[in-house]
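Written out below as structure tokens is the structure these notes cover.
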Amino acid sequence: MKRVKYEADVEPEALAVFREGVLDWYRTHGRDLPWRKTRDPYHILVSEIMLHQTTVTTVEPVYREFLARFPTIQALAQASLADVKAITDPLGYKVRGRWLWEIAQEVVRRYDGVVPDRLDDLLALPGIGRYTAGAILSFAYGQDAPILDTNVKRLLGRYFRLEYRTTRAEILHQLWALAEAVIPPGQAADFNQGLMDMGAMVCTARRPSCTICPLWAYCGVHHDEADRAAEEPWQYRVRPRA
DNA sequence: AACACGGGGCG
DNA sequence: CGCCCAGTGTT
């Protein structure tokens with residue numbers, strides 16, 4: 001049984017099951033979310049910033065209100081910061097209003113109003129880290145870019161069961177390598193969405209639904225050994241509540 | 001490698 | 001009441 005090293009080398013069978021399982025499950029059980037009906041980079045950007053550490057149900061109404069008020073990135077750039085914050089502040093993490101506002105100005109001035117489609121350009125914008133950049137590149141531009149949010153960390157960490165005796169930074173490095181390696185070429189958009197839905201709806205933080213999980217056969221953590229997996233190195237733990 | 005940021009939902 | 005939520009910037 002080969003373990004995951006720094007560069008993701010995974011068993012071909014486990015990888016194939018993982019890819020097909022995630023894609024199939026997403027197509028039949030995936031959530032119907034407003035930001036999945038569009039490929040507009042501006043809309044994707046707004047949703048992703050709002051979704052930082054914030055639940056889908058909380059974001060949905062604010063997302064709609066925000067786009068109704070600022071339909072284009074030009075409209076956002078011309079608005080007052082106070083008007084922007086009035087909509088986004090109730091979400092918490094109040095800096096995100098300023099981030100969106102500053103991003104809009106920068107994109108309009110430097111990129112002619114077009115959200116960049118290159119990783120380095122995206123990372124240079126305020127509030128856009130590697131996750132958000134990957135989300136924009138895959139969801140809006142269809143590139144095979146990896147994402148690693150709390151859902152994907154948990155799903156990958158459990159399924160591929162990384163080596164435990166290592167530092168947090170190394171684990172993160174391994175997870176990013178995995179997130180990139182598992183992408184079925186040309187299908188990152190659907191696949192990445194599927195990863196997050198699986199993490200949010202099946203491979204949940206507490207009491208994961210292993211019995212209905214399409215990945216169960218090759219998963220590194222079966223539900224009946226959840227106790228032994230109580231030490232999850234990427235931060236979260238399986239808690240089989242009595 | 002930690003810590004701050006934050007309101008809301010759930011058991 | 002504690003844990004968790006489509007993370008990022010700062011120290």
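Chain naming here is simple, since letters A, B, ... match the order of the sequence lines and numbering starts at 1 in each. These figures come from a predicted structure and were not determined experimentally.
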Please list, pair by pair, any protein nitrogen or oxygen found under 3.5 Å from a nitrogen or oxygen in nucleotides 9-11 of chain C.
| residue | atom | partner | partner atom | Å |
| --- | --- | --- | --- | --- |
| C/dG9 | OP1 | A/Gly127 | N | 2.8 |

Protein-nucleotides 3-5 of chain B N/O pairs under 3.5 Å:
| residue | atom | partner | partner atom | Å |
| --- | --- | --- | --- | --- |
| B/dC5 | N3 | A/Tyr93 | OH | 3.1 |

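Comparing B/dA2 with C/dA6, their P atoms are spaced 24 Å from each other, to the whole Å. B/dA4 and C/dC3 have their P atoms separated by 16 Å, with the value rounded to a whole Å. As rounded to the nearest Å, C/dC5 and B/dA1 have C1' atoms that lie 23 Å from one another. For the P atoms, the distance linking C/dT8 with B/dG8 amounts to 22 Å, nearest Å.
Annotation: the span from A/Ile136 atom CD1 to A/Ile147 atom CD1 amounts to 12.0 Å, rounded to 0.5 Å.
A/Arg158 places no side-chain N or O within donor-acceptor distance of the main-chain N or O of A/Gly220, the cut-off being under 3.5 Å. Under the 3.5 Å distance criterion, the side-chain polar atoms of A/Thr28 are matched with a main-chain donor or acceptor of A/Trp25. Put simply, the side chain of A/Arg36 gets close to the backbone of A/Arg31: a donor and an acceptor are under 3.5 Å apart. Of the possible polar contacts, one joining the A/Asn192 side chain to the A/Ala145 backbone as a donor-acceptor pair under 3.5 Å is found.
One can place CG of A/Leu91 at 17 Å from P of C/dC5, the figure rounded to the nearest angstrom. In this structure, A/Ile171 atom CD1 and B/dA1 atom C1' are separated by 13 Å, rounded to whole Å. Atom NE2 of A/His52 and atom P of C/dA6 are 12 Å apart (whole Å). Here the C1' atom of nucleotide C/dT8 and the CG atom of A/Leu148 are 14 Å apart, to the nearest Å. Summarising the geometry, the separation between CG on A/Leu100 and C1' on C/dG7 is reported as 13 Å, rounded to the nearest angstrom. If you measure from atom CG of A/Asp197 to atom P of C/dA6, you get 10 Å, rounded to the nearest angstrom. The CE-P distance, from A/Met201 to C/dC5, rounds to 15 Å in whole Å. To the nearest angstrom, C1' of B/dG8 lies 12 Å from CZ of A/Arg96.
Sorted by first then second residue, the salt bridge (Lys or Arg N to Asp or Glu O under 4.0 Å) pairs that include residues 86-97 of chain A, not counting sequence neighbours, are A/Lys85-A/Asp89. Sequence neighbours left out, the pairs with a member in residues 37-67 of chain A that pass ring-ring contact (aromatic ring centres under 6.0 Å, His included) are A/Trp35-A/Tyr63, A/Phe66-A/Phe70.
When the ring pair (Phe, Tyr, Trp, His ring centres under 6.0 Å) test is applied to A/Tyr159, the partners found at least two apart in sequence or on another chain are A/Phe18. Residues passing the salt bridge (Lys or Arg N to Asp or Glu O under 4.0 Å) test with A/Glu106, sequence neighbours excluded: A/Arg109, A/Arg110. With sequence neighbours left out, the salt bridge (Lys or Arg N to Asp or Glu O under 4.0 Å) criterion links A/Asp40 to no other residue. Annotation: side-chain contact (heavy atoms from CB on, under 4.5 Å) contacts of A/Ser80 (sequence neighbours excluded): A/Ala82, A/Asp83. Among residues two or more places apart in sequence or in another chain, the salt bridge (Lys or Arg N to Asp or Glu O under 4.0 Å) test is passed with A/Asp120 by none.
Contact check of residues 182-196 of chain A against DNA chain C (heavy atom, cut-off under 4.0 Å) returns A/Gln193, A/Met196. Residues of residues 20-46 of chain A that place a heavy atom closer than 4.0 Å to DNA chain C, in numerical order, are A/Arg31, A/Leu33, A/Trp35, A/Arg36.
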Would you sort out whether A/Glu48 and A/Phe139 count as a side-chain contact (heavy atoms from CB on, under 4.5 Å), showing the intermediate values? CA-CA 10 Å; A/Glu48 294 302 339; A/Phe139 301 149; 3.6 Å; yes
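One N or O donor and one acceptor, one from the side chain of A/Thr54 and one from the base of B/dG6, sit under 3.5 Å apart.
Counting only heavy atoms from C-beta on, A/Asn151 has its side chain closest to C/dA6 among B/dG8, B/dG6, C/dA6. You'll find that the side chain of A/Thr132 is closest to C/dG7, out of C/dG7, C/dA6, C/dC5. Taking the side chain of A/Thr150 as heavy atoms from C-beta on, and the options C/dC4, C/dT8, C/dC5, the nearest nucleotide is C/dC5.
Taking 4.0 angstrom as the limit, A/Arg207 places none of its side-chain polar atoms (N or O) nearer than this to OP1 or OP2 of B/dG11. Distances shorter than 4.0 Å separate none of the side-chain N or O atoms of A/Thr58 from OP1 or OP2 on B/dG7.
A/Trp99 belongs to a hydrophobic cluster with A/Val95, counting contacts under 4.5 Å between side-chain heavy atoms of Ile, Leu, Val, Met, Phe, Trp and Tyr, direct or through other members.
Shortest non-hydrogen contact noted between A/Leu23 and A/Pro184 is CD1-CG, 4.0 Å.
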